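For reference, the structure is listed below as structure tokens.
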Number of protein chains: 2
Amino acid sequence: MRKTILLYGLGLATLATVLKLVEYRYFVRDLSLEVYLAVIASLFTALGVWAGAKLIKKTKIQQPGVDFAIDSKKLEETGISTREYEVLELMAQGHSNQEIADKLFVSLSTIKTHTTNLFSKLDVKRRTQAVQRAKELNLIP
Amino acid sequence: MRKTILLYGLGLATLATVLKLVEYRYFVRDLSLEVYLAVIASLFTALGVWAGAKLIKKTKIQQPGVDFAIDSKKLEETGISTREYEVLELMAQGHSNQEIADKLFVSLSTIKTHTTNLFSKLDVKRRTQAVQRAKELNLIP
DNA sequence: GTCTGCCTCGTACTTAAGTATGATTTTAAT
DNA sequence: ATTAAAATCATACTTAAGTACGAGGCAGAC
């Protein structure tokens with residue numbers, strides 16, 4: 001954001017300098033003022049398009065990263081606990097129950113218990129459905 | 001897209017007209033040419049920002065709806081066949097192998113064969129991974 | 001014709017997933 | 001201190017998923 005603004009400022013300054021150098025004293029008397037204005041208009045329009053695009057992009061790119069403190073309202077509604085959610089996340093990444101157990105330093109049976117409760121809370125039968133459902137509800141990215 | 005370009009053209013025309021009306025004959029002798037240029041630069045920069053933002057937004061919004069005739073290039077690269085892709089789609093929707101078999105009017109064992117080949121082509125071990133991978137590759141929405 | 005790739009199906013097996021039940025421990029709230 | 005929810009683990013079981021063959025049919029390429 002600040003970088004874009006800075007760059008825009010730089011671009012502006014550069015353009016101004018160029019304009020000064022190519023000054024009207026050499027041009028305006030040869031070409032008409034209209035042409036001169038058209039050139040300026042074009043340059044600044046281009047600069048504006050560039051700056052506008054940059055700004056929009058910055059905000060657009062930030063969203064996917066930021067809109068996840070997750071939908072904690074829906075999370076509460078479902079009654080999913082902290083641990084169950086962690087299991088859900090790893091599940092969504094395609095890990096097996098055993099892998100999840102290893103990552104969370106608990107036993108396989110613990111994970112199975114969590115998944116069973118999780119499925120019941122999400123009202124699904126299989127892990128693939130659970131992942132799909134969780135994404136629908138914006139519980140996971 | 002065309003609408004934005006049209007609007008931009010209109011904006012340009014309007015600005016040009018305004019400039020003509022407020023013509024230098026009335027202004028340039030009072031204010032310096034630099035100030036006049038600054039005004040023009042500002043106006044066109046603003047116009048550019050607006051147009052640029054519009055254009056970006058249009059393309060960004062179009063993407064989620066349109067970017068699906070699916071990425072057929074990557075599909076070919078993986079060597080996934082038509083039938084395998086159908087299985088993949090249903091799999092991603094959370095269906096079991098039996099459900100997929102019913103929907104496609106083939107036997108369970110056929111689906112198992114497809115999934116096995118599919119996993120090998122996607123270089124994964126489990127269906128949850130397959131779905132994740134396929135989404136990464138933009139093979140499915 | 002022959003070959004190749006795809007789709008189909010079956011059987012047999014191994015492994016993972018999911019369910020049910022019960023129990024202990026931790027943690028936080030009252 | 002009591003209670004309740006969450007987290008942990010185990011055992012036993014059922015079902016689904018995944019693997020490894022083999023094999024027949026079928027369409028298009030050579």
Side-chain angles (χ1 to χ4, degrees), chain A residues 70-137 139-140, chain B residues 70-137 139-140:
Chain A
I70 66 193
D71 196 330
S72 43
K73 296 165 195 171
K74 278 180 192 158
L75 233 184
E76 283 173 29
E77 283 175 27
T78 58
I80 294 173
S81 73
T82 313
R83 211 51 164 168
E84 283 161 1
Y85 183 74
E86 291 177 306
V87 172
L88 175 60
E89 281 181 309
L90 293 170
M91 193 179 285
Q93 288 163 27
H95 295 294
S96 68
N97 284 339
Q98 186 59 62
E99 287 170 347
I100 297 174
D102 292 343
K103 279 181 188 284
L104 299 183
F105 303 105
V106 295
S107 79
L108 174 60
S109 95
T110 301
I111 300 301
K112 286 189 172 186
T113 304
H114 285 322
T115 57
T116 298
N117 295 332
L118 194 53
F119 294 165
S120 134
K121 288 175 183 176
L122 286 174
D123 194 29
V124 296
K125 286 279 172 195
R126 282 175 294 280
R127 54 175 50 215
T128 43
Q129 288 183 328
V131 171
Q132 225 222 172
R133 189 114 188 72
K135 290 194 177 180
E136 281 175 12
L137 298 175
L139 302 182
I140 52 176
Chain B
I70 67 193
D71 196 330
S72 43
K73 296 165 194 170
K74 276 179 192 159
L75 234 183
E76 282 173 30
E77 283 175 28
T78 58
I80 294 174
S81 73
T82 313
R83 211 53 165 166
E84 284 161 359
Y85 183 74
E86 292 178 305
V87 172
L88 175 60
E89 281 181 308
L90 293 170
M91 192 180 285
Q93 288 164 28
H95 295 294
S96 68
N97 284 339
Q98 186 59 63
E99 288 170 347
I100 297 174
D102 293 342
K103 278 180 188 287
L104 298 182
F105 302 105
V106 294
S107 79
L108 174 60
S109 95
T110 301
I111 299 302
K112 286 189 173 185
T113 304
H114 285 322
T115 56
T116 298
N117 294 333
L118 194 53
F119 294 165
S120 134
K121 288 174 182 177
L122 286 174
D123 194 30
V124 296
K125 287 278 173 198
R126 283 175 294 281
R127 53 174 53 214
T128 43
Q129 289 182 328
V131 171
Q132 225 221 174
R133 189 113 189 73
K135 291 194 176 181
E136 280 175 14
L137 298 174
L139 302 181
I140 52 176

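Note that these values count all heavy atoms, side chains included, but never hydrogens, waters or copies made by symmetry. Keep in mind that this is a model prediction, so the values were computed, not measured. A, B, ... follow the sequence lines: proteins, then strands. Residue 1 opens every chain.
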B:S81 vs C:dG5: side-chain N/O to OP1/OP2 distance below 4.0 Å | no
With rounding to the nearest 0.5 Å, note down the distance linking [atom1] in [X] to [atom2] in [Y].
X	Y	atom1	atom2	answer
A:L118	A:R133	CG	CZ	12.0 Å
B:Q129	A:H95	CD	NE2	8.0 Å
A:Q98	A:L108	CD	CG	5.0 Å

Heavy-atom donor-acceptor pair, B:T113 side chain to B:S109 backbone, under 3.5 Å = yes
So, does A:K121 use its side chain to make a donor-acceptor pair with the main chain of A:I80 at under 3.5 Å?
-> no
Enumerate the residues from residues 116-129 of chain A whose closest heavy atom to DNA chain D is under 4.0 Å, giving them by residue number; use none for an empty result.
-> A:R126
Pull out every residue in residues 93-111 of chain B that has a heavy atom closer than 4.0 Å to any atom of DNA chain D, ordered by number, or say none.
-> B:S96, B:N97
Report yes if the side chains of [X] and [Y] come closer than 4.5 Å at any heavy-atom pair, otherwise no.
X	Y	value
A:T128	A:Q132	no
B:I100	B:T115	no
B:K112	B:N97	yes
A:R83	A:L104	yes
A:T110	A:H114	yes

Write down the distance between [atom1] ([X]) and [atom2] ([N]), rounded to a whole number of angstrom.
X	N	atom1	atom2	result
B:K112	D:dA20	NZ	C1'	12 Å
B:Y85	C:dC6	OH	P	17 Å
B:H114	C:dC6	NE2	P	11 Å

Could you work out which one of C:dC7, D:dA6, C:dC9 sits closest to the side chain of B:T113?
-> C:dC9
Would you call A:E99 and B:R126 a salt bridge, taking side-chain N to carboxylate O under 4.0 Å as the test?
-> yes
Restricting to nitrogen or oxygen on both sides, can you table the protein-nucleotides 24-30 of chain D pairs closer than 3.5 Å?
none

